> 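Sharing a structure below in structure tokens format, with a few things to ask.
In listed order, ligands and their atoms are each counted from 1. Numbering of residues begins at 1 and proceeds along the displayed sequence. Computed from a prediction, not measured in an experiment: that's the story for all the values here.
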Amino acid sequence: MKNNADALIFHTTICVEAPQIVLMHRAKTATLLFARASSAALRNGEKMAVSIAIDGPAGAGKSTIAKLLAAKMNYIYVDTGAMYRAMAVYFTQNHVNPDDEREINAAVSNVDITIEYMDGVQQVILNGDNVTGLLRTEETGKMASKTSKYAAVRSKLVDLQRKLAKTTDVIMDGRDIGTTVLPDAFVKIYLTASTQARAKRRFDELTQKGEQCNLEEIAADIESRDYADMHREISPLKQAEDAILVDTSDM
Ligand code: DC
């Protein structure tokens, strides 16, 4: 963090938005934040960008807490899932077979993804087009899940994520931020929740939008995505050793 005041805002925000986090992790969080705060702002006399990593499975609440924190701390929120989804949009639009790694590798070299911010909200630009509005569909989610296992896809997006974090204070969420993308992140949080709690949240969200859905099917879908994310060969989803574990099932 830039200074101890920033660390204090982070700590206070966590207190206000998710008091259980503090109850469960007060000592560890405070020690981490304040011990690192004094040393991280300057390295060799130069100001450093600070990064906060939030990892965990879909529906645990990562983006909700990351957006709140980023707004309060004046950091940039980086949604890395959106980058995998943008890549998936390209594959779908160009009829790339997600089961054929050679096709994927050839396609990746034609993809240019950049990130911009409009009123503080992340916009994903795919080969010059703003595709932000296309990212949150089930079809794109499934394609992203299938294709995020490939080395060519991951290495392109990890490079982009590291570049963003090099120059700007970021709160970045995803699956491999604390373990792979930013192993030296200033604070790492692993946010999780039971399958049932996450399925219920998704069910409520879709029902509120007037969409017909089935709780069991949603839970099964979540389980199969978790399995794919946690068992892929490259950068599987797992808690970094130095991450703070937070279970949001009852929050
Ligand atoms: O968080 P999300 O649902 O938008 O992510 C979409 C897919 O991208 C998800 O199936 C896992 C993958 N992903 C990943 O492999 N690594 C990340 N850092 C972020 C997302």
> Considering non-hydrogen atoms of the protein only, which is the closest contact for atom 7 (C) of ligand 1, and what is the distance?
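Going by distance alone, atom 7 (C) of ligand 1 is nearest to Ala144 CB, 3.8 Å.
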> Quick check: closest heavy atoms across Arg232 and Asp229, and the distance to 0.1 Å?
NH1-OD1, 3.5 Å
> Any donor-acceptor pair under 3.5 Å linking the side-chain atoms of Arg201 with those of Thr248?
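The answer is yes; a qualifying pair exists.
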> Could you grab the distance from atom CD1 of Ile104 to atom OH of Tyr90, nearest 0.5 Å is fine?
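Between Ile104 CD1 and Tyr90 OH, I get 10.5 Å after rounding to 0.5 Å.
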> For Arg232 and ligand 1, answer yes if some heavy atom of the residue is under 4.0 Å from a ligand atom, otherwise no.
yes
> For Lys62 and ligand 1, answer yes if some heavy atom of the residue is under 4.0 Å from a ligand atom, otherwise no.
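Contact check Lys62 vs ligand 1: negative.
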> For ligand 1, which atoms have a heavy atom of Gly174 less than 4.0 angstrom away?
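Those of ligand 1 that fall under 4.0 Å from Gly174 are 18 (N), 19 (C).
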> Could you tell me which non-hydrogen atom of Ala53 sits nearest to which non-hydrogen atom of Gly178, and how far apart they are?
CB-N, 3.8 Å
> For ligand 1, is there an N or O atom under 3.5 Å from any N or O atom of Arg175?
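Yes, at least one N or O pair falls under 3.5 Å.
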> Taking 4.0 Å as the limit for heavy-atom contacts, which would you say applies to Leu135 with ligand 1: side chain only, backbone only, both, or neither?
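Near ligand 1, Leu135 shows nothing, with every heavy atom at 4.0 Å or more.
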> Identify which one of Asp204, Asp226, Asp221 satisfies the salt bridge (Lys or Arg N to Asp or Glu O under 4.0 Å) criterion when paired with Arg198.
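It is Asp226, the one option of Asp204, Asp226, Asp221 that forms the salt bridge (Lys or Arg N to Asp or Glu O under 4.0 Å) with Arg198.
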> For the atom pair CD (Gln239) and CG (Leu191), what is the distance rounded to the nearest 0.5 Å?
11.0 Å
> Closest non-hydrogen protein atom to atom 11 (C) of ligand 1, residue and atom name please, with distance?
Asp229 OD1, 3.4 Å
> With only distance considered, is Thr80 within less than 3.5 Å of ligand 1 through an N or O on each side?
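Yes, Thr80 has an N/O under 3.5 Å of an N/O on ligand 1.
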> Starting from atom 16 (N) of ligand 1, which protein heavy atom do you reach first, and at what distance in Å?
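Answer for atom 16 (N) of ligand 1: Arg154 NH2, 3.0 Å.
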> Taking only heavy atoms of Arg85, which atoms of ligand 1 are found under 4.0 Å from at least one of them?
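What qualifies from ligand 1 is 2 (P), 3 (O), 4 (O), 6 (C).
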> Rounded to the nearest 0.5 Å, how far does CZ of Arg162 lie from CD1 of Ile177?
9.5 Å
> Just need the protein heavy atom nearest to atom 8 (O) of ligand 1, so name the residue and atom and give the distance.
Tyr84 CB, 3.5 Å
> How close do Ile218 and Phe203 get, heavy atom to heavy atom, and via which atoms?
CD1-CA, 3.8 Å
> Ignoring hydrogens and angles, tell me if any N or O in the side chain of Ser249 forms a donor-acceptor pair with the backbone of Ser194 under 3.5 Å.
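A pair under 3.5 Å: yes.
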> What atoms in ligand 1 come closer than 4.0 Å to a heavy atom of Arg136?
4 (O)
> Look at atom 18 (N) of ligand 1 and say which protein heavy atom is nearest, naming residue and atom and giving the distance to 0.1 Å.
Asp176 OD1, 2.9 Å
> Within ligand 1, which atoms have a heavy atom of Ser148 less than 4.0 Å away?
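Selected atoms, number and element: 12 (C), 15 (O).
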> Which ligand 1 atoms are under 4.0 Å away from a heavy-atom of Ser145?
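Ligand 1 atoms under the 4.0 Å threshold to Ser145: 10 (O).
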> Side chain or backbone of Met83 under 4.0 Å from ligand 1, or both, or neither, by non-hydrogen atoms?
neither
> Does Arg202 come within less than 4.0 Å of Glu205, counting only side-chain N to carboxylate O?
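The answer is yes: the pair qualifies as a salt bridge.
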